[in-house]
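Start at 1 with the first residue, then count along the sequence. All values reported here derive from a predicted model rather than from experimental measurement. Both backbone and side-chain heavy atoms feed into the values below; hydrogens, waters and symmetry mates do not.
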Amino acid sequence: MNENNRKRVFVSYSWDNQEHQEWVLNLSKELMKKFGVDIILDQFELSAGKDLTYFMESSIEKADKVLVILTPNYKLKAENRSKGVGYETSMISQEIFQSPISTVKFIPILREGSLATSTPKFLKSKIYHEMVDDSKYINKLYELSQIIYDKPLIEKPELGEIPDFKDKKIDPIIDIAIAVSNEEKLNNEIDSIMESFQGASLFKDEIEKLKLMLNEKIKLYRTSTALPFNHQLNNRDSYVISVLKYSVSFYWNLPFSNTVMDSELVVRYWNGVIHLERGHYFPGREPKVVKETIYSLDMDYSKNLLWHNQKQKMTTSEIVQQAFLYLIENVQKEKSKKFRS
């Protein structure tokens with residue numbers, strides 16, 4: 001990374017409790033290690049004898065961005081001008097008032113509560129980045145890194161040609177009719193592919209791609225971590241990945257050779273270790289299904305293959321990533337119970 005592009009970021013938050021302090025510390029560490037963000041955090045910088053007021057003043061002044069971690073307690077301290085948060089609030093609100101409206105320096109992050117219960121008055125007009133749901137933490141962390149580096153979360157499309165408004169064919173009814181016809185044609189093309197031998201072949205290829213990705217990830221995590229990642233495969237219809245006492249199983253079924261109709265990929269998340277070749281478990285130690293998702297194979301309008309169910313559409317790589325995230329997040333929770341606080 002070009003050092004001139006590196007962002008320096010100050011983190012403003014309230015010391016609500018030990019858990020919240022550790023969350024802020026972990027967020028700061030991950031932004032530094034994974035995204036090269038130069039974090040200014042009191043837990044890194046301050047020790048006995050140092051001047052707190054000078055630290056806050058200089059940090060906010062020299063930071064490119066300021067992350068404001070919103071909780072109900074932060075709002076209370078900010079509006080009551082209480083302790084360190086109160087002093088930071090005075091400086092932040094003054095700088096917001098003096099900054100050009102186009103300047104995006106202060107990034108509110110909703111950690112607990114809601115906009116009404118956690119946002120101080122001086123930040124009410126700012127759009128916040130939500131990080132309340134820890135199950136979405138990884139994706140939200142990536143999005144936050146994009147915001148810090150001023151990268152758009154959604155790319156704007158290129159501008160089209162300016163129309164000739166004298167052309168009588170430019171009419172919203174005609175445009176809608178053409179769009180409907182084009183979409184119908186594309187849907188029929190995709191249906192004809194999926195309801196054919198080609199569709200069945202695409203299903204088989206995507207399953208092979210799934211198995212290959214799982215194999216590669218297992219090899220990577222075995223060699224790059226100390227955790228005992230394992231996998232089991234039968235060449236018919238099943239694959240299982242596991243670590244410690246957590247598993248994710250994949251089951252696929254293609255009943256016809258000339259269509260993907262009624263085919264499915266079933267992904268189950270387990271609390272417990274699954275054994276493909278052993279159907280019996282000790283009483284009380286049977287694995288329990290935490291979640292089950294059944295996918296069908298389809299295409300988008302660009303003819304990219306996607307797995308879909310009633311709620312979402314996912315690529316094969318996203319399904320694999322989600323499976324390993326389930327494993328590592330549960331292992332982290334399990335092991336951290338024994339760590340020193």
If the condition is side-chain contact (heavy atoms from CB on, under 4.5 Å), which residues does Leu233 pass it with, not counting sequence neighbours? Lys211, Asn235, Tyr239, Trp252

Decide whether [X] and [Y] meet the rule of one side-chain donor and one side-chain acceptor closer than 3.5 Å.
X      : Y      : value
Thr71  : Asn73  : no
Asp16  : Tyr74  : no
Ser296 : Trp307 : no
Thr259 : Glu195 : no

For residues [X] and [Y], report the shortest heavy-atom separation together with the two atoms involved.
X      : Y      : result
Val37  : Met32  : O-CG, 3.2 Å
Gly113 : Ser118 : CA-OG, 3.6 Å
Gly36  : Tyr149 : O-OH, 3.2 Å

Could I get the full list of salt bridge (charged side-chain N to carboxylate O under 4.0 Å, His left out) partners for Arg8, not counting sequence neighbours? Asp38

Scan for side-chain hydrogen bond (donor to acceptor under 3.5 Å, both in side chains) pairs involving residues 136-146, sequence neighbours excluded, and state none if there are none. Glu30-Tyr137

The ring-ring contact (aromatic ring centres under 6.0 Å, His included) partners of His129 (sequence neighbours excluded) come to none

Say you draw a straight line from CD1 of Ile40 to CG of Leu67; how long is it, rounded to the nearest 0.5 Å? 10.5 Å

Separation of Leu70 CG from Ser114 OG (nearest 0.5 Å): 10.5 Å

Salt bridge check, Asp298 against Lys313: does any charged N sit closer than 4.0 Å to a carboxylate O? no

Run the salt-bridge test on Glu79 and Lys75 with the 4.0 Å N-O cut-off and return the result as yes or no. yes

Taking distance alone, no hydrogens or angles, what donor-acceptor pairs closer than 3.5 Å link side-chain atoms of residues 241-251 to residues at least two apart or in another chain?
residue, atom, partner, partner atom, Å
Tyr246, OH, Glu334, OE1, 2.9
Ser247, OG, Gly272, O, 2.7
Ser247, OG, Ile274, N, 3.3
Ser249, OG, Trp270, NE1, 2.9

Starting from the C-alpha separation in whole Å, work towards a yes-or-no answer on salt bridge (charged side-chain N to carboxylate O under 4.0 Å, His left out) for Glu130 and Arg111. CA-CA 7 Å; Glu130 185 173 336; Arg111 173 56 187 159; over 6 Å; no

When you look at Lys209 and Glu206, which way does the salt bridge (charged side-chain N to carboxylate O under 4.0 Å, His left out) test go after all the steps? CA-CA 5 Å; Lys209 181 179 176 182; Glu206 207 62 19; 3.7 Å; yes

Inspect the surroundings of CG in Leu153 and state if more than 12 heavy atoms from other residues, nucleotides or ligands are less than 6.0 Å away. yes

Quick check: does any side chain N or O of Lys105 sit under 3.5 Å from a backbone N or O of Ala63, one acting as donor and the other as acceptor? yes

Decide yes or no for Leu41 and Tyr13: does some side-chain heavy atom of the first lie under 4.5 Å from some side-chain heavy atom of the second? yes

Do Ile148 and Leu31 have side-chain heavy atoms sitting under 4.5 Å apart? yes

Listed once per pair and sorted, the ring pair (Phe, Tyr, Trp, His ring centres under 6.0 Å) pairs that draw on residues 314-333, sequence neighbours left out: Tyr221-Phe324, Tyr269-Tyr326

